[in-house]
Number of protein chains: 2
Amino acid sequence: MRNDEGGVQPVQSVDRAVGILEFLARRGDAGVTEIGVELGVHKSTASRLLATLEARGLVEQSGARGAYRLGAGLIRLAGAGAAQLDVAQAAREVSAELAAELGETVNMAVLDEDAAMNVSQARGSAAVAVQNWVGRRTPLHASSSGKVLLAFAPDAVRRRVLARPLARCTPATITDRRVLDRELAEVRARGWAATQGELEVGLNGVAAPVVTAGGELVGAISVSGPAYRLDAARFAAVAERVVAAAGSAGAVLG
Amino acid sequence: MRNDEGGVQPVQSVDRAVGILEFLARRGDAGVTEIGVELGVHKSTASRLLATLEARGLVEQSGARGAYRLGAGLIRLAGAGAAQLDVAQAAREVSAELAAELGETVNMAVLDEDAAMNVSQARGSAAVAVQNWVGRRTPLHASSSGKVLLAFAPDAVRRRVLARPLARCTPATITDRRVLDRELAEVRARGWAATQGELEVGLNGVAAPVVTAGGELVGAISVSGPAYRLDAARFAAVAERVVAAAGSAGAVLG
DNA sequence: TCCTAGTGTTGCGTGATGCGCAACGACGAG
DNA sequence: CTCGTCGTTGCGCATCACGCAACACTAGGA
């Protein structure tokens, strides 16, 4: 059976095991039989794959025979993974400086299929939110880094995202794709994007693309904060700083 | 070939694939041949396992034939995993409150083999450090949450850790196991642990165990900050708040 | 309290998959 | 320019992963 990804035949049991992890990431927790149905394999196969993942700490089971969920071993791996990502490393210092300068939360995001995923985070002194954004995915049409990634993505990616209904996150979310297309054209023209309460009510953001010397888009740096501090009048000035920080990160990456 | 973990025979290729991820977490990056040697398999086997992991985003390769490293897909999974952990969820609210109250960074850690691993983090207004501790592991003898986890761990765990040389992280690190044993007895007696520059110079911490109603140790909550703010004179007062927060988290877990 | 249905686990036999070998192309160092 | 090493891939084969069947356990309903 061919999982047509990357043109080569994957190792079937590894592919299934990762499928289990992705299912549990979406679903929260699930039983053996349910996981077997989801993967299209026998429940005894699912049970053995889960036992292997559990032995390595990537999943854990509640009780002796209960549901499975993602485990702490995954966090250990990802902690190492996040620290090692090129874009995360490149962003670390410039994000810290930007956070200190502007006093708001700064994130580095990469394009992850049809979403923006945060891979690094720095927080300024004014930020009181305790939420960890690393690993979190935001919709491409409703977040500032998402708009940047969408604006500068290959045409195929933009067409795929714009082909689907644009989910409304708040009353301010752009859900008309022609409106979004025009906004993305503006983003490309001026080199930065902004949101005003489109992802969360009262949350504004400004983002700029991180591009390597070879012209490859590798991520986006964004600053976000409450609208009463990061209001539209400040967007141009903040954008100037974000674009500069993104430029520094891009230079580091070659 | 039997990987004697949990008594059952693991699925060999899944076990190997996870072994690759763990090796890359330790090593940073590595080539196909090196990974094959590390796992004790042929390089073509390693190449196929890596291709499957890469197709799913868990690893990425630099250039067409370059070294492999952990990928963004792992961070996505772990972002979901961290959010879903019982201990992380239980700690979220109490950590946020504690961070707001004390103004310092609060972490929740679990015992992860021979280290303390942070699974959740909240930062107070005074904290300016931008480092993300989630996924990071600290030595059990040199961090406050590590001392708590060690003090209240089963005897077998404590014996295993104390059997090894205790690595010196700073000049203040306790490396004499009899001194550490006495300190762990004090931790058990008073119900909290503290460190003074033992993990990092100038960094102090206070931690308390999170125990379920059934008496099971599931983690430790810690507060950390620079020595000039979180000095020894404040330890008892801070400990009182941390013990209370840990008690709340334990109550949530049943 | 008892019965039934469904779940998760495990022994076993089978065939499909994962594996190693060999060969090849690419790349870097001398 | 040559050589050694790396990563990739086709191929054949043996081992491993798989499904089936059976069992123990648990929860819910009568």
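It should be emphasised that the depicted structure is a prediction, and the values quoted were computed from it without experimental measurement. Convention: sequence-line order gives letters A, B, ...; per-chain numbering from 1.
We find that CG of Leu50(A) is positioned 15 Å from C1' of dT10(C), with the value rounded to whole Å. For the pair Gln9(A) CD and dC11(D) P, the computed distance is 14 Å after rounding to whole Å. Computed from coordinates, the Asp15(B) CG to dG18(C) C1' distance equals 15 Å when rounded to whole Å. Distance, Leu49(A) CG to dT9(C) P: 12 Å, rounded to whole Å. The nearest whole Å value for the distance from the NE2 atom in His42(B) to the P atom in dG7(D) is 12 Å. Regarding Ile20(B), its CD1 atom lies at a distance of 13 Å from the C1' atom of dG18(C), rounded to whole Å.
For a distance-only test at 3.5 Å, the side chain of Arg48(A) qualifies as a donor-acceptor partner of the base of dG11(C).
With dT10(C), dT17(C), dG7(D) as the candidates, the nucleotide lying closest to the side chain of Gln12(A) is dT17(C). Picking from dC18(D), dC19(C), dT9(D) the nucleotide with the shortest atom distance to the side chain of Ser47(B) gives dT9(D). Each of dG8(C), dG7(D), dG18(C) was ranked by its minimum atom distance to the side chain of Val11(A); first place goes to dG18(C). For Gln61(A), the listed nucleotide lying nearest its side chain is dG8(C); candidates were dG18(C), dG7(D), dG8(C). Looking at the side chain of Lys43(B), the nearest of the listed nucleotides dT7(C), dG18(C), dG7(D) is dG7(D).
Using a 4.0 Å heavy-atom distance criterion, Glu34(B) is classed as making no nucleic acid contact.
Not one side-chain nitrogen or oxygen of Thr33(B) sits closer than 4.0 Å to the OP1 or OP2 atom of dT5(D). Between Tyr68(B) and dT8(D) there is a side-chain polar atom (N or O) within less than 4.0 angstrom of OP1 or OP2. Close to dG18(C), at under 4.0 Å from its OP1 or OP2, lies no side-chain N or O of Arg16(B).
Under the 4.0 Å criterion applied to side-chain N and carboxylate O atoms, Glu34(B) and Lys43(B) are not assigned as salt-bridge partners. Glu38(B) has a carboxylate O that lies under 4.0 Å from a charged side-chain N of Arg26(B), or vice versa, which qualifies the two as a salt bridge.
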Discussion item. With side-chain contact (heavy atoms from CB on, under 4.5 Å) as the criterion, how do Asp29(A) and Tyr68(A) come out once you've worked through the C-alpha distance, each side chain's angles and the decisive distance to 0.1 Å?
Written reply: CA-CA 5 Å; Asp29(A) 66 358; Tyr68(A) 281 86; over 6 Å; no
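A salt bridge (charged side-chain N to carboxylate O under 4.0 Å, His left out) with Asp114(A) is found for one member of Arg158(A), Arg137(A), Arg159(A) and no other, namely Arg137(A).
In terms of position along DNA chain C, the nucleotide closest to Gly31(A) lies nearer the 5' end than the nucleotide closest to the other residue of the pair Gly31(A) and Ser44(B).
Taken from CG in Leu58(B) to CG in Leu70(B), the straight-line distance is 8.5 Å, to the nearest 0.5 Å.
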